[in-house]
Amino acid sequence: MLTKLKKILSNREIVLKIIFTFLILLVFKIGTYIPIPMVDTLAIRAEIANNSFLTVLNAFSGGGLSNFSILALGISPYITSSIIIQMLQLVIPKLKEWSEQGEVGKQKLNRATRYTSIALALVQGLALLYGLGARPENILVHDALKYNNLYWLFYLYMAVVITAGSCFTMWLADLITRHGIGNGSSMIISAGIISTVPSMFSTLWTKYIAGGQANAANITLYITVIVLYILMIFAVVFFEGAQRKIPVQYANRAQNGNSDIPIKLNSASVIPVIFASTLLSIPLTITGMLGQNTSAAGMWVEQIFSYQKPVGIALYILLIFFFSFFYSFMTVDPEKISENLDKQGAYIPGYRRGEETKNQLARMLFRTTLIGATYLTVLALVPIIVSKSFGFTPQEASVITIGGTSLIIVVGVAIETAKQIETASETKEYKGFLE
């Protein structure tokens with residue numbers, strides 16, 4: 001480990017890339033503290049704490065949403081549009097054609113993704129503003145409330161600022177991808193999530209230790225929560241790195257030329273949990289916009305779609321499993337893998353090429369995805385269980401997140417970035433040897 005670290009730090013190019021990445025992330029973090037004019041951030045924080053979807057969005061924006069900053073949406077519109085464009089490739093032939101055109105097609109898809117993300121940022125910004133601002137006193141400062149005929153103009157102006165902030169965040173992500181370390185979008189999301197960790201520990205300290213509350217029971221609870229957090233990190237590292245390797249043999253190669261096809265235990269990554277929580281939050285957000293939370297219809301929606309309730313939890317689990325299988329079979333296509341093996345003169349031992357190989361790959365992917373979906377479900381439910389068990393208030397639960405989507409993202413990005421740095425250091429050393 002120390003040898004690898006020494007090799008990395010002795011590589012001037014990698015060190016400069018790491019420094020550049022940290023500087024860009026610092027610029028992003030500073031941007032999350034620049035509020036949009038005319039906004040009452042204290043009132044907005046109270047609204048966000050009571051909305052699970054906005055809590056997730058706030059974590060992805062590095063706290064930019066709770067500050068209602070110019071980077072309130074962060075990189076989330078770009079991530080959402082990337083997923084949309086990827087899924088549309090299944091139903092729009094032109095997009096599928098672009099995906100098969102190599103680098104030229106990739107540039108076209110990137111352009112389409114960016115235009116979609118700009119439009120999506122404007123729509124999300126307007127929806128967010130009109131949702132939170134259904135009662136203007138929840139969003140506007142006191143001095144702006146007297147202009148009751150100009151609320152729509154204020155909201156439109158704010159939405160344009162939020163959209164510009166999302167475009168600026170996309171540009172920062174591009175800079176990291178081209179000149180820094182790791183994937184820019186992933187690094188910005190991870191940095192935003194990590195920046196909220198200190199507030200989690202300070203909230204725990206305030207709850208159990210500060211103000212003369214440090215008795216034996218509270219100290220035990222404080223240590224228990226921290227230990228749970230550490231154990232969850234180890235569990236996520238294990239499951240995110242777990243793979244099912246399918247052995248492959250080549251008819252025209254020697255025995256030692258055999259290889260395998262790795263299938264990740266969690267092929268869908270964090271996407272199923274994000275999609276499931278987003279779909280469940282839409283009805284709750286709409287009732288909140290209309291001010292119907294306490295009405296009969298609002299309470300009915302709360303019982304069905306809130307994953308704090310039994311029916312909502314069951315629906316949440318079903319959606320996670322559905323999206324896990326949908327996305328896994330979309331990204332890992334057994335038919336395409338079978339065709340590629342056939343072209344390369346390869347086969348899975350004990351199975352014929354073609355249909356039989358495709359069916360075997362599908363069965364293995366189904367079993368692996370079943371385990372992965374179960375893991376995702378447990379990880380998604382842990383924050384809810386911990387919150388109920390330790391009696392956290394909604395505000396505390398929005399900050400103290402044991403498990404959940406945030407942890408998967410941070411661990412996944414950390415693993416991929418570490419691999420990239422290690423590969424870059426080894427490649428550089430190899431080039432030097434040749435020279």
Side-chain angles (χ1 to χ4, degrees), residues 51-57 59-60 75-92 95-96 99 113 116-117 120 124 185-186 189 193 235-236 239-240 242-244 263-286 304-336 361-385 401 403-413:
N51 188 302
S52 55
F53 173 63
L54 294 181
T55 300
V56 173
L57 199 62
F60 288 175
I75 198 73
S76 60
Y78 178 76
I79 300 298
T80 306
S81 62
S82 299
I83 297 169
I84 290 171
I85 294 295
Q86 193 174 11
M87 287 188 166
L88 286 177
Q89 291 175 29
L90 298 174
V91 293
I92 300 179
L95 293 178
K96 185 172 178 59
S99 67
T113 302
T116 305
S117 62
L120 195 61
Q124 282 185 334
S185 303
S186 302
I189 291 175
I193 294 169
V236 172
F239 279 103
E240 287 300 304
Q243 293 179 340
R244 170 72 165 91
I263 297 179
K264 286 187 66 177
L265 184 69
N266 181 25
S267 302
S269 188
V270 74
I271 289 173
V273 181
I274 293 175
F275 274 23
S277 59
T278 301
L279 283 178
L280 287 178
S281 297
I282 288 172
L284 296 172
T285 304
I286 291 172
I304 292 178
F305 294 102
S306 172
Y307 47 70
Q308 304 288 337
K309 309 292 182 183
V311 177
I313 289 176
L315 192 56
Y316 190 37
I317 293 170
L318 287 174
L319 286 172
I320 290 174
F321 270 83
F322 170 76
F323 285 119
S324 293
F325 281 98
F326 175 81
Y327 201 78
S328 293
F329 275 85
M330 188 181 75
T331 53
V332 184
D333 188 346
E335 186 174 358
K336 186 176 289 186
L361 287 168
R363 282 193 293 268
M364 289 183 175
L365 180 59
F366 180 87
R367 294 170 193 158
T368 307
T369 305
L370 185 62
I371 299 171
T374 305
Y375 147 70
L376 276 180
T377 301
V378 171
L379 194 65
L381 293 179
V382 162
I384 301 171
I385 297 169
T401 52
T405 56
S406 304
L407 199 55
I408 304 175
I409 293 171
V410 171
V411 170
V413 172

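The residues of the chain are indexed from 1 along the displayed sequence.
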Non-hydrogen atoms of Tyr316 and Ala380 that approach each other most closely | OH-CB, 3.6 Å
Shortest non-hydrogen pair, Arg244 vs Met364, comes out as NH2-CE, 3.7 Å
Contacts of Glu240 that satisfy side chain to side chain donor-acceptor pair (under 3.5 Å) - sequence neighbours left out = Asn266, Tyr375
Decide yes or no for Thr116 and Ile85: does some side-chain heavy atom of the first lie under 4.5 Å from some side-chain heavy atom of the second?
-> yes
Could you tell me which non-hydrogen atom of Ala362 sits nearest to which non-hydrogen atom of Phe329, and how far apart they are?
-> O-CZ, 3.7 Å
Residue pair Val332 / Pro334: nearest heavy atoms and the distance that separates them | O-CD, 3.1 Å
Roughly how far, to the nearest 0.5 Å, is the CD1 atom of Ile75 from the OG atom of Ser81?
-> 8.5 Å
Give the intermediate values and the outcome of side-chain contact (heavy atoms from CB on, under 4.5 Å) for residues Ser267 and Thr368.
-> CA-CA 9 Å; Ser267 302; Thr368 307; 5.5 Å; no
Between CG of Leu379 and OG1 of Thr374, what distance do you get to the nearest 0.5 Å?
-> 12.5 Å
At what distance, to the nearest 0.5 angstrom, does CZ of Phe323 lie from CE of Met330?
-> 11.0 Å
In Å and rounded to the nearest 0.5 Å, what is the CD1 to OG1 distance from Ile317 to Thr377?
-> 6.0 Å
Evaluate the side-chain contact (heavy atoms from CB on, under 4.5 Å) criterion for residues Leu370 and Phe321: first the C-alpha distance (whole Å), next the side-chain angles of each, then the deciding distance (0.1 Å), finally the verdict.
-> CA-CA 8 Å; Leu370 185 62; Phe321 270 83; 3.9 Å; yes
Ile408 vs Leu376, side-chain contact (heavy atoms from CB on, under 4.5 Å): CA-CA, chis, key distance, verdict = CA-CA 9 Å; Ile408 304 175; Leu376 276 180; 3.4 Å; yes
What's the verdict on side-chain contact (heavy atoms from CB on, under 4.5 Å) for Ile189 and Val413, showing C-alpha distance, side-chain angles and the deciding distance?
-> CA-CA 9 Å; Ile189 291 175; Val413 172; over 6 Å; no
Checking Ser328 side chain against Phe325 main chain: does a donor-acceptor pair fall under 3.5 Å?
-> no
Main-chain N/O of Ser82 paired with Thr113 side-chain donor or acceptor, under 3.5 Å | no
To the nearest 0.5 angstrom, please state how far the CZ atom of Phe239 sits from the CD1 atom of Ile371.
-> 8.5 Å
